[in-house]
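Each remark here refers to the structure printed beneath this line.
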Amino acid sequence: MESFEVIGAFIDRERVDPEALKHALSTEEGRQYLVDLVALREIAIEQAPPAPVAFDRRAPSRNRTLATAAAFALSVLAGYMAGQRSPSRPLDDRPLPSPVVIEVAQPEAAPAPTQVIQLRAGTTVDAAGRN
Amino acid sequence: VADADTLFAEYHQGVFRYLCRVVGEADAARDLTQEVFLRVSRAEAPAASDDVRRAWVFRIARNLALNHLRDQRRQPDVAPLVDLTQPATQELGLALARALASLSEMDRDVFLLRETDGLSYAEVAAACDISPDAVRSRLHRARQQLRDALGQTLADRRASGIRFN
């Protein structure tokens, strides 16, 4: 079967020994092998999905997306670690905030009455305080 | 020296086709295709023949694909990399993906680079860092295994006629 390498090389457009090719193709098995190689090539180059139509130097590739995500995760982790390492005092040691004093002015004394209305039962008084 | 845009125009279809077959997902293959040409744009393309440049681009693609597969820690066992509205085509794609998954990593890549992208043995050798003789023997082995694995699929194809590509 190794002699059939020459058949493959021939259909691959490589330079081959014509005598070896003739010998390989002189057998039914060799001719069948040639037909199968042609069929196999057809199958191998069957229609593929559409390729990228343009070269985008800035297109986000999967690797760069992963690299960006990794950099972000690293920066978050670094921030967290820095926060963990910075000295922090217990809650009880923290200074209390300065008290806020609100001064409430004392109310002034009520003015002296200008008129005293005395109310008696059964007496009607008008708006001016007259009976 | 060709710039990245020129290399993209020339090779992106082939790179995408190869990556589709290897990683088994069209979306991942599109991302990886962009990544391949980003790397191409940041590197200095070999100031040599087109063949050398093509092998260089596919070498980058292969390395990215292998890294992707290692990251995913899984085999590309299912790959409906075809028009999902055509069940027959989908079935064919799945059969090929399963058969490819049974190959060794290197045999699979040698086969795909040769068959789906038409690289010469010398280009495949450069892309995979092996000798042209190793390409020839690996290709033969891969074809034998695929022929066995795709027996009925090949029979169906033969029945409907074949065309040399």
Side-chain angles (χ1 to χ4, degrees), chain A residues 1-21 23-25 27-71 73, chain B residues 4-5 7-9 12-17 20-21 26-35 37-38 40-41 64 67-68 81-84 86 89 92-93 95-96 100 111-112 114-118 120-121 132 136-137 139-140 143-144 146-147 150 153-158 162-165:
Chain A
M1 186 62 80
E2 295 306 313
S3 65
F4 292 166
E5 269 190 31
V6 70
I7 298 173
F10 176 65
I11 71 163
D12 290 337
R13 298 185 174 87
E14 297 290 324
R15 192 164 293 280
V16 298
D17 176 1
E19 291 303 318
L21 181 62
H23 175 72
L25 291 175
T27 64
E28 174 62 26
E29 197 179 3
R31 292 191 290 274
Q32 183 65 51
Y33 185 71
L34 171 65
V35 167
D36 283 348
L37 292 197
V38 173
L40 184 58
R41 175 169 296 174
E42 267 199 289
I43 292 170
I45 60 176
E46 285 289 343
Q47 182 184 0
V53 293
F55 172 38
D56 184 356
R57 292 169 198 267
R58 293 177 299 177
S61 69
R62 178 169 296 184
N63 284 348
R64 276 184 290 157
T65 304
L66 287 175
T68 304
Chain B
D5 292 310
L7 293 174
F8 180 85
H12 82 280
Q13 291 281 1
V15 166
F16 175 72
R17 250 195 325 269
C20 267
R21 294 293 186 209
D27 287 341
R30 285 194 191 92
D31 280 351
L32 286 171
T33 300
Q34 291 286 353
E35 190 67 33
F37 288 96
L38 274 173
V40 166
S41 70
L64 282 173
N67 288 342
H68 175 85
L81 301 167
V82 289
D83 186 350
L84 298 180
Q86 298 180 29
T89 310
L92 193 62
L96 178 62
L100 286 171
F111 175 80
L112 288 176
R114 170 53 235 164
E115 292 292 32
T116 67
D117 298 299
S120 68
Y121 288 7
R136 180 187 286 246
S137 61
L139 193 51
H140 181 62
R143 282 169 165 160
Q144 294 278 34
L146 292 173
R147 188 183 181 213
L150 293 168
T153 306
L154 286 175
D156 293 345
R157 179 54 58 109
R158 284 195 305 265
I162 58 169
R163 181 172 55 197
F164 180 72
N165 287 291

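Hydrogens, waters and symmetry mates play no part in the numbers below; they use all other heavy atoms, side chains included. Below, chain A is the first sequence line, B the second, and so on; all start at residue 1. Note that the structure is a prediction, hence the values are computed from the model and not measured.
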Check whether [X] gets within reach of chain A through its side chain, its backbone, both or neither, counting any heavy atom under 4.5 Å.
{"X": "B:Arg157", "answer": "side chain"}
{"X": "B:Ser120", "answer": "both"}
{"X": "B:Arg114", "answer": "side chain"}

Proximal component of A:Glu14, with respect to chain B [non-hydrogen, under 4.5 Å]
side chain

Which atoms of A:Ile7 are under 4.5 Å from chain B, going by heavy atoms: the side chain, the backbone, both sets, or neither?
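Contact with chain B: none, neither part.
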
Take a 6.0 Å sphere around OH of B:Tyr121 and say whether it holds more than 12 heavy atoms from other residues, nucleotides or ligands.
yes

Apply ring pair (Phe, Tyr, Trp, His ring centres under 6.0 Å) to B:Phe37 and list each qualifying residue two or more places apart in sequence or on a separate chain.
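B:Phe37 satisfies ring pair (Phe, Tyr, Trp, His ring centres under 6.0 Å) with B:Phe8 only.
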
Going from OH on A:Tyr33 to CD on A:Glu5, what distance comes out if it is rounded to the nearest 0.5 angstrom?
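Answer rounded to 0.5 Å: 8.0 Å.
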
I need the B:Leu96 CG to A:Leu40 CG distance, nearest 0.5 Å.
7.5 Å

Using a cut-off of under 4.5 Å for heavy-atom pairs, which of B:Asp5, B:Leu150, B:Leu112, B:Thr33 has the most such pairs with chain A?
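Sorted descending by pairs with chain A, the first entry is B:Asp5.
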
List the residues meeting salt bridge (Lys or Arg N to Asp or Glu O under 4.0 Å) with A:Arg41, not counting sequence neighbours, and say none if there are none.
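For A:Arg41 the salt bridge (Lys or Arg N to Asp or Glu O under 4.0 Å) partners, ignoring immediate neighbours, are A:Asp12, B:Glu115.
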
